[in-house]
Structure formats: C-alpha cells, structure tokens
Amino acid sequence: MGSIKSELRYVSNISFQRTIISCSFERTYKSLSMLTEEAAIAIQEELRPRVITTDVLPDPIKIIAGTDVEYDKDTNLIAGSIVLLDYDTLQEVAVASHCMEVTFPYIPGLFSFREMPSLLRAYEKLPVHPDLIICDGQGLAHQRRFGLACHLGVTINKPVIGCGKTKLTGEYTDPGAARGSVAALMDAGDHIGNALRTQDGINPVFVSVGHKISLATATDIVLKMCAQYRLPETTRLADHHARLALLEHKKKIFG
DNA sequence: GCGACAG
DNA sequence: ATCTTGTCGC
C-alpha cells in the first residue's frame with residue numbers, strides 16, 4: 001500500500017488545496033493512527049520551510065480568533081473550538097466546535113497531529129474566517145521549529161500566533177515582574193520566541209511565530225489581548241466553548 | 001543513565 | 001488535558 005509515503009505526500013499538499021481542505025483532512029486523519037512517529041516528523045520537516053515569519057496581515061485587523069481543545073476525563077472524546085472576536089471591542093462574533101475521538105497520542109513535539117483534526121473541522125464550520133488566530137500551543141518555539149501554530153497557519157494559510165502556558169523547549173532569563181516585560185526564549189542559538197509577562201507578578205506566557213506574523217507583532221498583540229488575565233481573551237473564550245461543546249456532546253451520546 | 005517534555 | 005477547596009504567601 002505504500003501508505004506512509006502517500007500519506008506524507010497527501011498531508012504535505014494540503015496547504016495548496018484550500019478548496020478541498022475538507023476531504024483532504026477526512027482522508028488524512030481517518031488514517032492518522034497509521035502514521036508513524038518518523039513519518040510525522042518527516043511531514044514537519046517538509047512543511048517547515050513554508051512558515052512565513054514576517055507580517056503578512058490584513059491592514060486593520062477586524063476579526064481575531066482563539067482556539068483550544070478540551071479532553072474528556074474518562075473517554076477518548078475531545079472537543080476543538082474556535083471563537084471569533086471583534087478585534088476592537090472583543091465582542092464575540094461567532095464560535096464553532098467539533099467533537100470527535102482522539103486519533104493520535106500525545107507526544108511532545110507532535111502535538112499538532114493530535115489537536116489539528118478537531119480544530120480544522122471546527123474551522124470549516126465557521127460562518128466567516130478570522131484575520132488572525134491565536135492558538136493554544138507553540139509555533140516556532142519547537143524542537144523542529146514547527147509547532148501547532150505553524151502547522152495550523154501553513155495548512156489554512158492564515159496568520160497564526162503561538163501562545164503557550166508553558167514552554168516546550170528553550171531557555172530564558174527572568175523577564176522582570178511587571179506586565180509587558182519580555183525575555184527572549186533561546187534554543188540552540190535561535191531566538192524562537194518570547195516569555196511575556198502578561199500580568200504583574202504572574203507566570204509569563206510563551207509567544208512564538210506561527211505563520212505570517214513577526215515575533216514583535218505577535219508579542220504586542222498577545223499582550224493587548226491580556227488586559228485582565230494571564231491568558232489572551234481569545235484563549236479563555238475558546239477554552240470555555242470547548243468545555244461546553246464537550247459536555248453537550250456527551251449529553252447527546254450518554255445521558 | 002537522568003531530566004525535560006506544548007495539551 | 002484531567003484531579004480540585006481551601007489554603008499558603010505576599
């Protein structure tokens with residue numbers, strides 16, 4: 001069947017095939033459990049050169065999105081949610097969720113293969129698409145410089161910011177206690193992201209480039225989205241909706 | 001061998 | 001991710 005090679009080619013072609021995104025992922029992720037760790041890494045290596053690390057954003061950003069995936073405690077069900085906010089007012093514009101069973105194990109460094117299926121399906125359900133996405137996880141701040149934020153951005157060809165609660169890889173020095181303080185996250189001599197203090201005296205978040213945005217712009221925007229809490233409003237809302245979607249889905253299936 | 005390890 | 005209220009510390 002030569003399945004691994006054809007699988008690799010198939011996944012690699014996705015970003016060129018916006019119009020058939022839906023069926024692409026249907027096929028790809030139906031057999032995701034067949035993908036070996038080595039093949040998944042090969043996909044990352046192949047897609048990595050497509051990441052754009054400069055600002056290629058709509059002039060005034062109108063709609064910003066947040067993503068999150070919720071896991072059920074005692075089944076293998078997950079819910080991916082994407083919430084759309086008006087960039088200026090932070091009012092919710094739309095939300096879409098998708099529940100399914102997890103098809104890939106948690107392996108540090110291969111996170112996108114676990115969470116992207118549900119996120120892409122949720123993305124397809126949106127009535128309109130966002131100008132920019134902040135996703136829950138790393139972008140370039142990754143062993144192979146291709147975290148979830150990069151994979152998502154390259155796949156749907158949209159600007160994406162990676163914003164994680166903890167770091168995956170790299171070292172940093174204390175940014176300082178004040179909100180807005182920044183320290184470079186370094187790995188093997190590369191400046192892969194920033195540790196950003198979003199609230200006074202509260203643990204920093206880790207910002208990195210996902211796609212079509214610079215680290216400086218990404219850091220500014222994340223700070224702006226954290227007016228009141230440690231995490232961006234986009235992430236907080238997506239988390240909330242993913243939780244609701246999962247509960248609703250379980251109610252439908254069970255009781 | 002040991003620690004670290006997005007969610 | 002999930003477990004989870006009160007409690008420790010500034």
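It should be emphasised that the depicted structure is a prediction, and the values quoted were computed from it without experimental measurement. Throughout, protein chains are lettered first and strands after them, A, B, ... in sequence-line order, and every chain is numbered starting at 1.
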Asks: Please work out which residues in residues 161-168 of chain A have a non-hydrogen atom less than 4.0 Å from an atom of DNA chain B and list them by number.
Replies: A:G164, A:K165, A:T166, A:K167, A:L168
Asks: Are the side chain of A:K212 and the backbone N or O of A:T54 linked by a donor-acceptor pair below 3.5 Å?
Replies: no
Asks: What stems show up for DNA chain C when you take Watson-Crick pairs (N1-N3 plus N6-O4 or O6-N4) and G-U wobbles (N1-O2, O6-N3), both under 3.5 Å, and require three or more consecutive pairs?
Replies: none
Asks: When you compare C:dC8 with C:dT4, how far apart are their C1' atoms, in angstrom units rounded to a whole number?
Replies: 16 Å
Asks: Return yes if some donor-acceptor pair links the side-chain N/O of A:T217 with the main-chain N/O of A:S214 below 3.5 Å, else return no.
Replies: no
Asks: Determine yes or no for a side-chain-to-main-chain donor-acceptor pair under 3.5 angstrom, with A:T155 supplying the side chain and A:H151 the backbone.
Replies: yes
Asks: Counting only N and O atoms by type, is there a donor-acceptor contact under 3.5 Å from the side chain of A:S112 to the main-chain atoms of A:L148?
Replies: no
Asks: Any ring-ring contact (aromatic ring centres under 6.0 Å, His included) pairs touching residues 192-220 of chain A, not counting sequence neighbours?
Replies: A:Y172-A:F206
Asks: Only Watson-Crick and G-U wobble pairs with both distances less than 3.5 Å should count. Give DNA chain B in dot-bracket notation, marking inter-strand partners with |.
Replies: .......
Asks: Answer with base, sugar-phosphate or nothing: what part of the nucleic acid does A:Q143 contact at a heavy-atom distance below 4.0 Å?
Replies: nothing
Asks: Would you indicate what A:L110 reaches in the nucleic acid, counting non-hydrogen atoms under 4.0 angstrom: base, sugar-phosphate, or nothing?
Replies: base
Asks: Sequence neighbours left out, what passes salt bridge (charged side-chain N to carboxylate O under 4.0 Å, His left out) with A:D131? Give chain and number order.
Replies: none
Asks: Which other residues end up in the same hydrophobic cluster as A:L168, if Ile, Leu, Val, Met, Phe, Trp and Tyr are linked when side-chain heavy atoms come under 4.5 Å apart?
Replies: none
Asks: Can you measure from CG (A:D136) to CG (A:D239) and round to the nearest 0.5 angstrom?
Replies: 7.5 Å
Asks: Do A:R197 side-chain atoms and A:I202 backbone N/O form a donor-acceptor pair below 3.5 Å?
Replies: yes
Asks: Go through DNA chain B in 5' to 3' direction and return only the first and the last nucleotide with some atom under 4.0 Å of chain A's heavy atoms.
Replies: B:dC5 to B:dG7
Asks: Do A:L185 and A:I161 belong together in a cluster built from hydrophobic side chains that touch within less than 4.5 Å?
Replies: no
Asks: Which part of the nucleic acid, if any, lies within reach of A:D136 when heavy atoms closer than 4.0 Å are counted: base, sugar-phosphate only, or nothing?
Replies: sugar-phosphate
Asks: How would you label the contact of A:G109 with the nucleic acid (heavy atoms, under 4.0 Å): base, sugar-phosphate, or nothing?
Replies: base
Asks: Test: ring-ring contact (aromatic ring centres under 6.0 Å, His included). Region: residues 81-104 of chain A. Which pairs qualify, not counting sequence neighbours?
Replies: A:F104-A:F113
Asks: Checking one residue: A:L246. Which other hydrophobic residues are in its cluster under the side-chain 4.5 Å linking rule?
Replies: A:L77, A:I253, A:F254
Asks: Sugar-phosphate atoms are those with a prime plus P, OP1 and OP2; base atoms are the rest. Using that split, label each nucleotide of nucleotides 5-10 of chain C B, S or - for protein heavy atoms under 4.0 Å, 5' to 3'.
Replies: ------
Asks: Output all residues satisfying salt bridge (charged side-chain N to carboxylate O under 4.0 Å, His left out) with A:D200, sequence neighbours left out; order by chain, then residue number.
Replies: none
Asks: Taking only residues at least two apart or on different chains, which pairs with a member in residues 39-66 of chain A satisfy ring-ring contact (aromatic ring centres under 6.0 Å, His included)?
Replies: none
Asks: Same hydrophobic cluster for A:M116 and A:L126, using side-chain heavy-atom links shorter than 4.5 Å among ILVMFWY?
Replies: yes
